[in-house]
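Structure record follows, encoded as C-alpha cells.
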Amino acid sequence: MPSDARYTREQDLTNAQREEIEDALAADHPCDDRSCGIAVAHSAGFLLAASRLLLGATEAYELSDVLERHAISIDPASWDTDGWADYHAQHGVKCLECGCFTYGDEGWTPDTCGDCRAILQSA
Ligand SMILES: [Zn+2]
Ligand SMILES: [Zn+2]
C-alpha cells in the first residue's frame, strides 16, 4: 500500500509527540482493562490506533488538542498498516458469550473474558 503524505504514520511520530499523545490518552481515557482495545493498543505502543479507537468512541478533548496542535492526521487505514491489526489478531481472544475481545501478550493468554467473566474457549 503506498503511503499517503496527508497522513501521519506511527513511525513518523517524534518521541516528544509520542509522550504528548500518551499523556493525552491517559488523561482522556484512564483505563488499563485488558478487554479494552484502547487501553491495550495504548500500552502496546500503537498510539495512533489507540487514538483512533478513542476518538471513534467518545469526545477526547486533550487528545484532539494534541493531534491538532501537531497537525497529526490519522490514516483511516492505520488500523491495518501500523501493526495494531496484527497484534489484535495475535493476542485478542474473542468471548463467545458477549463478543468482546480480551487481550493477552507475548507471555500470557487470558482465560476469562475481561468484560463478562465467561471462560474463554481458546484458553
Ligand atoms: Zn478502556
Ligand atoms: Zn464476555
Side-chain angles (χ1 to χ4, degrees):
M1 193 183 296
S3 71
D4 190 323
R6 282 177 303 167
Y7 297 120
T8 307
R9 304 284 305 275
E10 189 77 34
Q11 58 267 34
D12 297 331
L13 297 173
T14 65
N15 286 338
Q17 287 173 338
R18 296 187 69 84
E19 268 176 41
E20 282 195 52
I21 293 171
E22 292 217 63
D23 288 347
L25 282 168
D28 284 332
H29 190 75
C31 167
D32 61 359
D33 189 335
R34 294 305 301 180
S35 63
C36 173
I38 300 164
V40 174
H42 177 186
S43 71
F46 301 107
L47 300 186
L48 295 183
S51 297
R52 205 165 70 85
L53 287 169
L54 180 58
L55 291 169
T58 186
E59 301 276 354
Y61 299 106
E62 298 268 338
L63 181 63
S64 301
D65 182 58
V66 169
L67 297 181
E68 200 177 293
R69 196 145 30 81
H70 293 290
I72 293 170
S73 170
I74 303 174
D75 187 345
S78 64
W79 175 280
D80 294 318
T81 55
D82 285 349
W84 167 245
D86 290 339
Y87 189 95
H88 172 84
Q90 207 177 350
H91 298 296
V93 182
K94 189 176 185 180
C95 173
L96 298 181
E97 297 294 325
C98 74
C100 286
F101 283 86
T102 299
Y103 297 87
D105 57 27
E106 275 69 26
W108 176 74
T109 302
D111 55 6
T112 51
C113 173
D115 206 53
C116 76
R117 297 322 213 177
I119 302 295
L120 293 172
Q121 299 302 317
S122 68

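Everything numeric in this text was worked out from a predicted model, so none of it was measured.
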* **Charged N-O contact under 4.0 Å between Arg9 and Asp82** => yes
* Plane angle bin for Trp84 and His88 - parallel if under 30°, tilted between 30 and 60°, otherwise perpendicular -> tilted
* Asked: Between the main-chain N or O of Gly104 and the side-chain N or O of Arg34, is there a donor-acceptor pair closer than 3.5 Å?
  -> yes
* **Test item: His91 and Phe101 side chains (from C-beta on) under 4.5 Å apart, heavy atoms** => no
* Close side-chain approach of Val66 to Tyr61, heavy-atom, < 4.5 Å -> no
* Residue pair Cys113 / Lys94, side-chain heavy-atom distance below 4.5 Å -> no
* To do: Please check if the side chain of Thr102 supplies one atom and the backbone of Gly114 the other of a donor-acceptor pair under 3.5 Å.
  => yes
* Do the side chains of His42 and Leu54 get nearer than 4.5 Å, heavy atoms only? -> no
* Side-chain heavy-atom pair Asp32, Ser43 within 4.5 angstrom cut-off -> no
* Taking only Lys NZ, Arg NE, NH1 and NH2, and the carboxylate oxygens of Asp or Glu, determine whether Glu20 and Arg69 approach each other closer than 4.0 Å. => yes
* **Atom pair CG/CG of Leu55 and Leu67 - distance to nearest 0.5 Å** => 6.0 Å
* **Backbone N/O of Leu47 and side chain of Glu10: donor-acceptor pair under 3.5 Å** => yes
* Would you check if the side chain of Asp28 reaches a backbone N or O of Glu62 as a donor-acceptor pair within less than 3.5 Å? => yes
* Is there side-chain contact between Asp111 and Ile119, with heavy atoms separated by less than 4.5 Å? -> no
* With the side chain counted from C-beta on, respond yes when Gln17 and Glu22 share a heavy-atom pair under 4.5 Å apart, and no when they do not. => no
* So, do Leu48 and Leu13 sit near enough that their side-chain heavy atoms are less than 4.5 Å apart? -> yes
* To do: Show the numbers, then the answer: is there a side chain to side chain contact (heavy atoms under 4.5 Å, CB included) between Thr112 and Leu120?
  => CA-CA 5 Å; Thr112 51; Leu120 293 172; 5.5 Å; no
